[in-house]
Structures are given as C-alpha cells and as structure tokens.
Colleague: 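A single structure is presented below for examination.
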Amino acid sequence: QKEVEQDPGPLSVPEGAIVSLNCTYSNSAFQYFMWYRQYSRKGPELLMYTYSSGNKEDGRFTAQVDKSSKYISLFIRDSQPSDSATYLCAMSDTGGFKTIFGAGTRLFVKA
Amino acid sequence: KAGVTQTPRYLIKTRGQQVTLSCSPISGHRSVSWYQQTPGQGLQFLFEYFSETQRNKGNFPGRFSGRQFSNSRSEMNVSTLELGDSALYLCASSLRPGQGAYEQYFGPGTRLTVT
C-alpha cells in the first residue's frame, strides 16, 4: 500500500463546476500538507500549503485537512478551462525531511 | 523575484553516457531538492542539499549524485545512463532544509531522453 493514495483520474467537469480533489494517507506523522498544480511540460506550482488540520482558503481554492481520517481535499470553485492541469497532493512529516507526493489527478474543465 | 531556473530544458543522451543538470534556486533560498518524475512512478525524491551538504537522500542508485555550490546553485549528475533514466528531472528550492517544513518552489524541469 502506498503511503499517499490519489485517484489519477482523469476528471472532466463543465466550466463553473465545483471540483473536489482528494488524497488519503497512512502515515500519521505527516504534519505538512501541500497541493501543487502542474501544467503540461511545466514544473509543479505550489497552490496551497497547510500545517496540521483545518481549512485554508485562497481565492477560488480551499484546502481541507482531516488528520483523524487521514484525508485531505482541495476544492476549486467556479472552475475555469485554465484550471485544466494535473493536481498533486504532497505531505511531509514533522521534521519536513520526508515528503511524499501523490500520483496526481488530471483535471479537464470543459468550456 | 526570479523563479527557479534549470538548464538545459531538454536533453537527449545515449545509454552509457553521463549527464549533468543544473539548477539555480530562488534568490535567498539555500535549500535545493531534486526529483525525478515519470508517468509510472510519479514524483520521486532524489536528494536535498543545504549549505553545500547533502541533507537527505532518496532510494536511487549511486549513479545519481549531486552537489551544491557556495552560491546555492546545484548540479546533479547521472552516470552510465540507462533507458529507464528517461524522465523529467525537477529541482525545487526552499529557504531552509526539510522539504515539507518550508514552502518549496519548483523549476520547469529538464526533460532527459535516453536512447
């Protein structure tokens, strides 16, 4: 079993939809949780960075961490065709010395 | 502020050759990490450098090596290239080591093709 599980998709939604992307993990030592967006032929771009449990909002993006369920989510409101990309979750332990990435979910937002 | 830069962006090599990739971190960032990204394995950690010292290493063979210079720029080297080394090699920088404890920013990557 992988330490971080992420459905690779692809996920296809119409423009304006609310998108929910999720990752589960097994290592309770993970304390830092990140979401990256990666466009084709580009490096990953840091979208959200959270510590421990709770929610964090940035514009159309909301990150949620539920440590009791070992489950993290990224919500995208009013999705746009420009949001079409691969979304990678990542998480790291307390010391930050071990970061594991999910496989990435490919998202397509149709105009 | 300029982002992380990587050179070259694309590289084609033959089996058995060696290759050196370069990474310049964001100004003020002193930690550089390297990752390999492939469709099958996803993003895998290679190593992390801080103050010219390797702080952490992933599970890759000794053919993969790296170094960091006093100006925080980093290079990674792959010797005796194999077909399976074909991948996107990504460099990421952060203020301090401990990849997760500080926000990490990636470069555009170097696409290596081994024939």
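Quantities reported herein were computed from a predicted structural model and do not represent experimental measurements. Chain naming here is simple, since letters A, B, ... match the order of the sequence lines and numbering starts at 1 in each.
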Colleague: Counting heavy-atom pairs under 4.5 Å with chain B, which one of A/Pro44, A/Ala103, A/Gly104 comes out on top?
Modeller: A/Pro44
Colleague: To the nearest 0.5 angstrom, please state how far the CG atom of B/Leu43 sits from the CD1 atom of A/Ile100.
Modeller: 10.5 Å
Colleague: Give a yes or no on whether B/Phe64 and B/Val32 share a hydrophobic cluster (residues Ile, Leu, Val, Met, Phe, Trp, Tyr; joining criterion: side-chain heavy atoms under 4.5 Å apart).
Modeller: yes
Colleague: Same cluster for B/Leu21 and B/Phe45 if Ile/Leu/Val/Met/Phe/Trp/Tyr side chains link at under 4.5 Å?
Modeller: no
Colleague: A quick test of your reading: do over 12 heavy atoms of other residues, nucleotides or ligands sit less than 6.0 Å from NZ of B/Lys57?
Modeller: yes
Colleague: Residue by residue, which of residues 84-92 of chain B have a heavy atom closer than 4.5 Å to a heavy atom belonging to chain A?
Modeller: B/Leu88, B/Leu90
Colleague: Heavy-atom distances under 4.5 Å only: say whether A/Glu45 touches chain B with side chain, backbone, both or neither.
Modeller: neither
Colleague: Considering residues, nucleotides and ligands other than B/Asn59, do more than 12 of their heavy atoms fall under 6.0 Å from its CG?
Modeller: no
Colleague: Check this for me: A/Arg41, atom CZ, are more than 12 non-hydrogen atoms of other residues, nucleotides or ligands nearer than 6.0 Å?
Modeller: no
Colleague: Would you check if the distance from the ring center of B/Phe106 to the ring center of A/Tyr36 is below 6.0 Å?
Modeller: yes
Colleague: Answer yes or no: are there more than 12 heavy-atom neighbours, outside B/Arg15 itself, under 6.0 Å from its atom CZ?
Modeller: no
Colleague: Could you tell me which non-hydrogen atom of B/Gln37 sits nearest to which non-hydrogen atom of A/Leu88, and how far apart they are?
Modeller: NE2-CD1, 4.4 Å
Colleague: Go through A/Gln31, A/Met91, A/Lys42, A/Gln38 and name the one with the most non-hydrogen pairs under 4.5 angstrom from chain B.
Modeller: A/Gln38
Colleague: Using 0.5 Å steps for rounding, measure from the CZ atom of A/Phe101 to the OH atom of B/Tyr35.
Modeller: 4.5 Å
Colleague: Quick check: are there more than 12 heavy atoms from other residues, nucleotides or ligands sitting under 6.0 Å from CZ of A/Arg106?
Modeller: no
Colleague: State yes or no: do B/Leu112 and B/Leu83 share one hydrophobic cluster built from I, L, V, M, F, W and Y residues joined by side-chain heavy-atom distances below 4.5 Å, directly or via other members?
Modeller: yes
Colleague: Listed by chain and number, what are the ring-ring contact (aromatic ring centres under 6.0 Å, His included) partners of A/Tyr87, not counting sequence neighbours?
Modeller: none
